[in-house]
**Student:** 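If you scroll down you'll find the structure; I have some questions about it.
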Amino acid sequence: MMIIIHCSLFYFSSGVLGDSLTVLRSPQYVTFRDGQWPISGEKIPDLVALTMGFSIHEDLDWPGLAAGWLFQRPRANALIVVRGLDSLDFPKNISCYPLENPVPFTLDSVANTVHTLFADSTPVVLQLAPSEERLYMMGMANTVFEDLPVTLQQIRGRLSQDGSVLTSLPLVSLSRNNEADLLFLSEVQVLYDISALLQKHKHLAKDPAPDLYSLELAGLEEIVRRYGTDSPQFTDATRILTSALQKFADDVANVYANNAVVEVVTVKTFEAPLTRKSRSILESKQISNPGSPYNLAYKYDYDYAVVFNIVLWLMIVLALSVIVISYNLWNMDPGYDSIIYRMTNQKIRMD
C-alpha cells in the first residue's frame, strides 16, 4: 500500500539567503553526498523518484545523490516544500543543497509511477492542502485517514478538542483569537494528526508498496502578511513549525524503521504560479451530477438496499436448490426411485 503526501509550507526568513533543499531523514542505503551542488526546482520530482528506486525519463545530472543499492528501496518518501522562506534552522549535521530555478512542481508523476507499479498492493495516495480545502485520497487512504480533519472548519473543531496544539505547544506571542494565527496552528495540528495516524497504522510499513506523502500548508505566510518577518509572532511560529517538521520526520522514520526519506524544500517565491487540476473536498456534491468533469459514480438509489437483498437471497436460494437437486440425482437408484424404470420393469414382467 502506498500512501502519498507532499508537504508545502509557507515561510519567510531573515538572515539566510538562497533557496535550499534539506534532507532531514534518509536510510543508510540512500546516500546524499556533502557539498554545495545546486539542483533545479523542476528536477525535484526526478530526485524523489530516484530516491525511491524508480527510473526517470532523463538522467539527473546532479552529484548530490549517490547510486543506491539496487535490491533495496525506501518504504516511504515525504517531501515538504516551504514557500516564502530561504531556509529553516535545522541541525547542521544534515545534508543541505542550494536550490536554483525555483519553478512550481508536483509529485503527480511519482504518484502515478507508484500506483502503476504497485497496483496489486492496494496503493494509498493522499494529497492534502488545508488552506485551499483540497483533498485527494485513493485506495487505503480512505480508511487510514478517514478521521483526519481536512477542511478548515474541521481543523478548527479539532483545535478545540483535548490534546490539540493549543494546549500542548507554547504559543507565547501567538493568539488563538486571531485568524492568521489560527490558520497557522491548524496546519501544525494537521502535521501532528498525520503523525498520530501513522503511529496507529504501523502495518502500512509492512506492505511492499512504497508510500509517498504530499501536503500543502500556507499558515506561516499569513503570519508574515499580518505581523512581518521581524515580529515575535513570526519568530515563535517558525520555531513551532521547525519543531513540528522535525517531529514529523522522526515519526515517519520511526514508523518505517528508518526506511524513509524526508526532504524539505525552502523557496522564498516561485518564478511562476502553480496551476493544477485537483479534486476539492467541497465537490462531493457533484457525485450525483451526471455532468461532473471528474467522472464520479452516481449516488446509490434509495431502493438499493431492497434490490440488493432480493437479488442476494434469490441467488442463494437458487444455488442451494441446484446443489440439493444435483446431489439427489447423483445418488438416485434408477430401478427403485424412478417411476419410469419401475413401470418399464412391470411391463416387461407382464409380457
Side-chain angles (χ1 to χ4, degrees), residues 1-8 23-32 43-57 60 65-81 105-129 134-148 150 190-191 193-216 248-265 276 278-279 294:
M1 52 191 66
M2 71 189 157
I3 305 174
I4 301 184
I5 302 176
H6 156 221
C7 305
S8 291
V23 183
L24 291 183
R25 297 291 184 276
S26 64
Q28 294 182 352
Y29 48 85
V30 179
T31 305
F32 287 89
K43 295 297 183 180
I44 296 297
D46 291 342
L47 174 64
V48 174
L50 288 176
T51 61
M52 302 183 72
F54 302 146
S55 59
I56 57 179
H57 297 291
L60 180 63
L65 179 64
W69 191 21
L70 182 61
F71 301 102
Q72 191 171 11
R73 70 178 71 203
R75 308 299 292 273
N77 190 297
L79 177 66
I80 304 151
V81 178
F105 61 87
T106 68
L107 298 185
D108 291 347
S109 60
V110 184
N112 293 334
T113 301
V114 175
H115 178 58
T116 301
L117 296 179
F118 299 91
D120 296 336
S121 301
T122 315
V124 180
V125 178
L126 173 63
Q127 295 176 331
L128 174 63
R134 186 175 72 244
L135 170 69
Y136 176 70
M137 292 193 297
M138 180 175 62
M140 288 299 295
N142 293 284
T143 302
V144 175
F145 297 103
E146 61 179 352
D147 297 329
L148 181 68
V150 291
V190 170
L191 282 176
D193 288 343
I194 291 175
S195 297
L197 289 174
L198 290 178
Q199 296 287 344
K200 182 179 178 181
H201 297 275
K202 290 186 176 181
H203 61 276
L204 298 174
K206 300 179 181 180
D207 193 272
D211 300 339
L212 183 66
Y213 295 83
S214 174
L215 176 67
E216 289 187 20
F248 178 79
D250 291 338
D251 291 341
V252 171
N254 179 55
V255 169
Y256 293 94
N258 294 322
N259 289 316
V261 180
V262 181
E263 309 103 333
V264 175
V265 174
R276 57 176 296 185
S278 59
R279 183 174 301 173
Y294 300 103

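Positions are given from 1, in the same order as the sequence printed here. The model shown is predicted, which means the values in this text are computed figures rather than measured ones.
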**Student:** Please round to the nearest 0.5 Å and tell me the distance separating atom CG of D193 and atom CZ of F145.
**Tutor:** 10.5 Å
**Student:** Does any non-hydrogen side-chain atom of L24 lie less than 4.5 Å from one of F248?
**Tutor:** no
**Student:** With the side chain counted from C-beta on, respond yes when V262 and V23 share a heavy-atom pair under 4.5 Å apart, and no when they do not.
**Tutor:**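 Sidechains of V23 and V262: no contact.
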**Student:** Starting from the C-alpha separation in whole Å, work towards a yes-or-no answer on side-chain contact (heavy atoms from CB on, under 4.5 Å) for D251 and L198.
**Tutor:** CA-CA 8 Å; D251 291 341; L198 290 178; over 6 Å; no
**Student:** Go through the structure and list residues passing side chain to side chain donor-acceptor pair (under 3.5 Å) with T51, not counting sequence neighbours.
**Tutor:**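 Partners of T51 by the side chain to side chain donor-acceptor pair (under 3.5 Å) criterion, ordered by chain and then number, come out as N77.
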**Student:** Can you name the nearest heavy-atom pair linking V30 to L65, along with the distance?
**Tutor:** CG1-CD1, 4.1 Å
**Student:** Could you walk me through whether V48 and E263 satisfy the side-chain contact (heavy atoms from CB on, under 4.5 Å) test, starting with their C-alpha distance in whole Å, then the side-chain angles of each, then the deciding distance to 0.1 Å, before giving a yes or no?
**Tutor:** CA-CA 9 Å; V48 174; E263 309 103 333; 4.2 Å; yes
**Student:** CZ/R73 to CZ/F54 distance, rounded to the nearest 0.5 angstrom?
**Tutor:**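 The distance works out to 5.0 Å.
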**Student:** Excluding sequence neighbours, so at least two apart, what forms side-chain contact (heavy atoms from CB on, under 4.5 Å) with L60?
**Tutor:** K43, L47, L50, I56, W62
**Student:** To check you understand the geometry: which heavy-atom pair defines the closest contact between P74 and M52, and what is its length?
**Tutor:**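 Shortest heavy-atom separation between P74 and M52 comes out as CD-CA, 4.0 Å.
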**Student:** For a side-chain contact (heavy atoms from CB on, under 4.5 Å) check, start with the C-alpha distance between N259 and Q72, then their side-chain angles and the critical distance, and finish with the verdict.
**Tutor:** CA-CA 10 Å; N259 289 316; Q72 191 171 11; 4.2 Å; yes
**Student:** Between P45 and T106, is there a side-chain heavy-atom distance shorter than 4.5 Å?
**Tutor:**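 Of all side-chain heavy-atom pairs linking P45 with T106, none is under 4.5 Å.
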**Student:** Looking at residues at least two apart in the chain, or sitting in another chain, which of them share a side chain to side chain donor-acceptor pair (under 3.5 Å) with T113?
**Tutor:** none
**Student:** I'd like to check the side-chain contact (heavy atoms from CB on, under 4.5 Å) partners of A76; sequence neighbours left out, ordered by chain and number.
**Tutor:** D211, Y213, Y256, A260
**Student:** Quick one: side-chain contact (heavy atoms from CB on, under 4.5 Å) partners of N254, sequence neighbours excluded?
**Tutor:**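 Listed in chain order: Q199, K202.
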**Student:** Please identify each residue that fulfils salt bridge (charged side-chain N to carboxylate O under 4.0 Å, His left out) with D46, with sequence neighbours left out.
**Tutor:** none
**Student:** Please round to the nearest 0.5 Å and tell me the distance separating atom CG of L117 and atom OG of S55.
**Tutor:**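 The OG atom of S55 is 8.0 Å from CG of L117, to the nearest 0.5 Å.
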